[in-house]
Amino acid sequence: MDLLANLNEAQRAAVSAPAGALLVVAGPGSGKTRVLTHRIAYLIREMRVSPWHIMAVTFTNKAAREMEHRIEQLLDGRPQGLNMGTFHAICARLLRREVDTLTHYQRDFVIFDTADQLQVIKQALAELNLDDKKFPPNKMLNGISNAKNDLITPAEYVATNYTGAAVQRVYERYQMTLRVNNAMDFDDLMMNVVLLFDEQPEVMARYQERYHHVLVDEFQDTNATQYRLLRQLTGDHNSIFAVGDSDQSIYKWRGADYRNIQNFYRDYPASRTILLEQNYRSTQVILDAAIEVIRHNRDHIPKKLFTERPGGTKISLREAYNESDEAATIVDTIESLMLKNRNGNDFAVMYRTNAQSRAIEEAFVQAGLPYRLVGATQFYQRREVKDIIAYLRLIHNPLDAVSFNRVLNVPTRGIGQQTQAQFNAWAAAGGRQPAEALLRLATDPDAQHPFTGRAYKALYQFGSLYAAWRTLSERVSVGELLDAVLEQINYRAYLEDGTEEGEDRWANVMELRGVAGVDSQMALGDFLQQVSLVAETDNLDSEAQATTLLTLHAAKGLEFPVVFITGLEEGLLPHSRSMDDEDELAEERRLFYVGLTRAKDAIYLSHAFRRTSWGDSSVAVPSRFLSDLPDALVDGQRPGNRRRESIDRMSTWGDKPRTSGGRPTSPSTSSGDRRPPVTNNVWGNSSGRPAQDERRLPPPNTAGDPPRRERPVSARYKTGQKVRHAKFGDGTVIETKVTGSDEEVVVAFPGLGIKRLAASIAALEIIE
DNA sequence: TTGCGCCATTTTTTT
DNA sequence: AATGGCGCAA
């Protein structure tokens with residue numbers, strides 16, 4: 001098979017480039033996976049490079065598997081020794097191999113996930129006598145993670161403000177605790193490799209000699225530490241093949257820095273750049289719309305993207321009444337498209353936040369349509385799954401105090417807070433990690449300890465079990481070990497409390513048992529590592545006819561014939577947390593761009609008039625990004641400017657609850673720091689657009705306007721009525737709804753915003 | 001020590 | 001809507 005056949009000129013140039021530094025700027029749908037796989041195959045077959053000399057970094061494990069598969073097909077066989085995986089997986093493997101050369105770690109270190117990290121931080125805060133109200137663990141974690149992504153050690157950390165000073169102290173403590181626990185967090189995986197290479201150049205040299213060719217996918221989303229690692233690896237040979245697109249950089253918040261592309265030019269002056277500009281995925285309409293959107297970003301560098309799929313269905317835009325109407329409309333649309341020979345798995349429904357998936361799921365369930373949810377409450381984050389993994393981790397690594405404290409009294413075995421604290425103190429006094437101390441307590445009759453009676457008995461029993469598991473783990477498979485643990489702690493009985501939830505939880509444990517496999521000879525350490533590094537989209541198999549529900553972030557790198565992007569509202573997309581900062585706002589726009597460019601044939605955009613978020617329903621303002629779209633490419637309702645502004649004034653999105661006095665509360669009247677939505681010459685172009693209040697007919701392929709779901713029937717109150725509330729004063733009823741025996745009334749109180757009230761409790765007085 | 005119920009707070013996105 | 005923290009009763 002000719003590896004260069006069926007490639008366009010640019011692709012061919014990239015695939016067959018001589019060794020050296022090459023940056024491939026790959027627009028959406030330009031066949032970058034194809035280029036990467038063909039490049040690897042080309043290296044092996046045409047340039048006679050041993051697979052052993054190649055490292056390929058992908059963004060997800062799934063991408064790695066997929067590429068492996070495709071290379072296998074290209075080469076008629078599996079290349080031996082090719083190192084392919086995510087930064088995290090590659091680094092974890094490397095560290096495990098080099099564990100003897102690491103200064104602060106020993107064999108069998110474990111990887112702490114976010115929940116574990118938070119535990120360590122809480123502990124650190126307590127030890128430092130810092131108030132966790134004043135210094136939220138999440139914020140601390142963020143600070144630490146950012147530092148690590150920028151390759152800043154605790155000693156190098158310089159605080160620039162009050163919070164920073166706390167982060168500095170917590171970071172130091174945190175890092176110490178991780179070491180004592182023989183644990184690393186996600187960021188450490190990369191950082192520790194870089195530090196290792198810095199400290200021991202001879203180790204680095206070994207890897208430099210091995211990896212003659214380094215390939216990186218999604219280069220725009222590498223952080224400073226990862227970039228440094230690439231620099232180290234390519235030290236003397238400089239053969240790096242980086243593929244990326246700054247317009248698809250959507251992980252700034254986790255340290256990604258697309259300026260690494262500039263660094264690349266600086267650090268590899270002899271590098272070449274190849275642009276992949278032909279899009280093989282989308283129709284002209286979709287591509288035009290996407291280009292138009294991304295063009296509104298200030299530092300966007302224009303590309304000449306083109307497609308050979310002229311025309312196409314216009315982008316459909318519609319306003320739904322609320323999130324359930326939005327979801328119902330999507331389901332209706334999918335159903336009618338399925339009558340026209342679309343399959344369920346031709347569709348993807350995308351949203352900005354995971355919380356939005358709920359309403360959509362409900363609509364799918366109601367309609368009996370199969371769907372597949374990516375992410376959300378991740379499997380490995382479930383309590384019961386984490387519990388069991390903590391057991392396994394503790395068996396693997398007795399230094400892990402976080403797992404120890406998690407499982408010590410789960411299921412409850414009579415070891416309360418009191419005893420737990422006492423035990424930890426005793427262990428610390430003896431200079432041991434708690435699980436080591438427990439082993440001693442259970443196996444050494446001469447051990448001196450302060451425990452008596454009930455507490456002693458419970459500890460002793462648990463310690464004996466633990467000692468037995470440790471021995472057992474050396475000669476049985478992961479699955480068998482898991483079975484033994486589950487049985488001996490009676491976990492099933494603990495979970496199954498008669499509720500459906502209990503059943504579900506046990507089912508999850510069984511699913512985990514399935515991951516461990518029946519006859520798998522996988523080592524416990526490998527199992528734990530694999531389980532720690534699974535990604536969101538890794539489990540996304542294209543089985544079944546199910547529609548995919550996923551966040552815009554998770555959609556990166558995927559494609560679907562028909563894409564629905566939901567919640568195009570201010571505060572959601574762009575997200576309220578990103579609206580004050582121009583860079584973050586630009587990233588939100590790129591996120592929208594990524595969503596749009598996932599689509600092959602058709603795009604449906606929607607926003608809701610009202611949206612319920614954590615309990616409260618409020619009026620939503622259509623996203624400013626909608627005005628980036630040229631009218632000619634859009635079919636459907638356009639939000640009118642007049643109404644938009646009046647809604648804007650009432651909206652309770654974003655900031656704190658409105659209070660009287662002080663600065664004006666309406667975003668459109670607040671000064672300076674905030675951009676008025678739409679009516680702005682940089683972001684919007686509404687001035688050039690006729691004031692549209694026209695309602696166009698629904699898009700041709702939605703098969704008619706679906707009946708609106710349950711319009712509320714008013715009972716005692718009516719929309720438009722003026723009412724008086726004891727606390728809020730006078731207001732106007734904007735919605736009422738009979739719920740069971742009560743009536744729910746939504747009232748707009750001038751200056752206070754919109755409140756949802758129960759008629760029976762609120763005792764509203766009708767004024768007129 | 002356990003377990004329940006109330007309260008407050010929460011959500012951006014993920015390896 | 002859901003989770004965690006906290007106080008109180010058994």
Side-chain angles (χ1 to χ4, degrees), chain A residues 57-64 85-92 111-115 117-119 122 132-133 136-138 141-142 145 148-149 184-191 218 221-223 225-226 249-256 323 350-359 362 374-378 380-383 409-421 453-455 458 497 501 529-538 550-556 567 571-579 581 584 587-588 590-592 594-595 612-617 654:
Chain A
V57 187
T58 59
F59 199 68
T60 61
N61 296 304
K62 179 177 177 252
T86 62
F87 269 113
H88 295 88
I90 287 175
C91 290
I111 300 166
F112 273 6
D113 70 12
T114 313
Q117 291 176 280
L118 285 172
Q119 282 306 112
K122 282 178 193 161
D132 63 354
K133 293 275 186 310
N138 262 318
L141 179 56
N142 228 332
S145 180
K148 288 184 174 181
N149 288 328
M184 297 190 194
D185 64 23
F186 293 128
D187 303 317
D188 281 337
L189 293 174
M190 273 104 48
M191 183 147 148
E218 306 285 6
D221 279 324
T222 51
N223 62 37
T225 303
Q226 291 164 336
S249 163
I250 54 174
Y251 284 97
K252 182 180 185 273
W253 52 274
R254 114 184 172 195
E323 64 274 354
M350 302 176 186
Y351 35 82
R352 177 66 234 269
T353 66
N354 280 306
Q356 288 169 258
S357 72
R358 176 171 300 273
E362 277 167 12
V374 179
T377 326
Q378 284 165 320
Y380 289 104
Q381 269 170 229
R382 292 171 182 279
R383 225 197 338 269
N409 199 30
V410 174
T412 47
R413 47 175 73 93
I415 304 171
Q417 250 176 27
Q418 203 81 17
T419 311
Q420 183 157 1
R454 271 210 321 256
D497 51 2
E501 198 195 353
Q529 177 180 315
Q530 187 200 305
V531 151
S532 301
L533 298 179
V534 281
E536 279 290 281
T537 39
D538 284 348
L550 76 181
T551 63
L552 286 161
H553 281 90
K556 183 158 87 154
L572 216 44
L573 183 65
H575 195 271
S576 52
R577 303 278 263 243
S578 306
M579 292 201 302
D581 181 295
E584 290 180 45
E587 179 146 312
E588 296 286 313
R590 289 195 293 271
L591 199 47
F592 184 36
V594 166
T612 312
S613 42
W614 61 83
D616 267 331
S617 166

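Predicted, not measured: the structure shown is a model, and the values here were computed from it. Lettering follows sequence order; numbering is per chain, from 1.
Here the nucleotide nearest the side chain of A/Arg358, chosen from C/dA2, B/dT13, C/dG5, is C/dA2. The side chain of A/Thr353 has B/dT13 as its nearest neighbour among B/dT13, B/dT15, C/dA2. When distances are taken from the side chain of A/Arg577 to each of B/dT11, B/dT15, B/dT13, the shortest belongs to B/dT11. Distance from the side chain of A/Arg454 is smallest to B/dT1 among C/dG5, B/dT13, B/dT1. Among the nucleotides C/dG5, B/dT15, B/dT11, the one closest to any side-chain atom of A/Asn138 is B/dT11. Across B/dT15, B/dT14, B/dT1, the shortest atom-to-atom separation from the side chain of A/Thr419 is found for B/dT1.
Note: CG (A/Asp132) to C1' (C/dG5) measures 10 Å, nearest angstrom. To the nearest angstrom, P of B/dT13 lies 18 Å from CG of A/Asp581. Between the C1' atom of B/dT13 and the CG atom of A/Asp221 lies a distance of 12 Å, rounded to the nearest Å. As rounded to whole Å, 16 Å separates atom C1' of B/dT14 from atom CZ of A/Phe87. Atom CD in A/Gln420 sits roughly 14 Å away from atom C1' in B/dT2 (whole-Å rounding). Across the protein-nucleic acid pair, A/Glu218 atom CD and B/dT15 atom C1' stand 14 Å apart, rounded to whole Å. A/Gln356 places its CD atom 11 Å from the C1' atom of B/dT13, with the value rounded to the nearest Å. Protein atom NE2 of A/His575 is 12 Å distant from nucleotide atom P of B/dT14, rounded to whole Å.
Nearest-nucleotide positions on DNA chain B for A/Asp187 and A/Ala355 put A/Ala355 closer to the 5' end. When each of A/Glu587 and A/Gln418 is assigned the nucleotide of DNA chain B bearing its nearest heavy atom, the one mapping closer to the 5' terminus is A/Gln418.
Note on A/Leu552: nothing from the nucleic acid sits closer than 4.0 angstrom, heavy atoms only. A/Arg383 comes within contact range of the sugar-phosphate backbone alone, with a heavy-atom separation under 4.0 Å but no base atom that close. Residue contacts for A/Gln417: at a heavy-atom cut-off of 4.0 Å it reaches the sugar-phosphate backbone alone, with no base atom in range. Within 4.0 Å of A/Lys148, counting heavy atoms only, lies no atom of the nucleic acid at all.
By the side chain to side chain donor-acceptor pair (under 3.5 Å) test, A/Asp185 is found to be paired with A/Gln117, A/Lys148, A/Tyr174, residues two or more places apart in sequence or in another chain being considered. For the salt bridge (charged side-chain N to carboxylate O under 4.0 Å, His left out) test, no residue two or more places apart in sequence or in another chain qualifies with A/Asp187. Residues satisfying the ring pair (Phe, Tyr, Trp, His ring centres under 6.0 Å) test with A/Phe87, not counting sequence neighbours, are none. By the side-chain contact (heavy atoms from CB on, under 4.5 Å) test, A/Gln119 is found to be paired with A/Lys122, A/Val402, residues two or more places apart in sequence or in another chain being considered. The side-chain contact (heavy atoms from CB on, under 4.5 Å) check on A/Asn138 picks up A/Leu118, with sequence neighbours excluded.
Side-chain contact annotation: A/Thr353 with A/Gln356, donor-acceptor N/O pair under 3.5 Å present.
The phosphate of B/dT15 has neither OP1 nor OP2 within less than 4.0 Å of any side-chain N or O from A/Lys556. Residue A/Asn149 has no polar side-chain atom (N or O) positioned under 4.0 Å from OP1 or OP2 of B/dT15. Using a 4.0 Å cut-off, some side-chain N or O of A/Asn409 falls inside it from OP1 or OP2 of B/dT2. Distances shown here put a side-chain N or O of A/Asn354 below 4.0 Å from the OP1 or OP2 atom of B/dT13. Phosphate contact (OP1/OP2 of B/dT14, side-chain N/O of A/Thr551, threshold under 4.0 Å): present.
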Close N/O contacts between protein and nucleotides 3-8 of chain B (under 3.5 Å):
none

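A/Val374 places none of its side-chain heavy atoms less than 4.5 Å from the side chain of A/Thr551. Looking only at side-chain heavy atoms (C-beta outward), A/Glu218 and A/Tyr251 stay at 4.5 Å or farther from each other.
B/dT13 has A/Trp253 stacked on its base ring, the centres lying under 5.5 angstrom apart and the planes within 30 degrees of parallel.
When every heavy atom of A/Leu550 is checked against every heavy atom of A/Ala555, the shortest pair comes out as CD1-CA, 3.7 Å.
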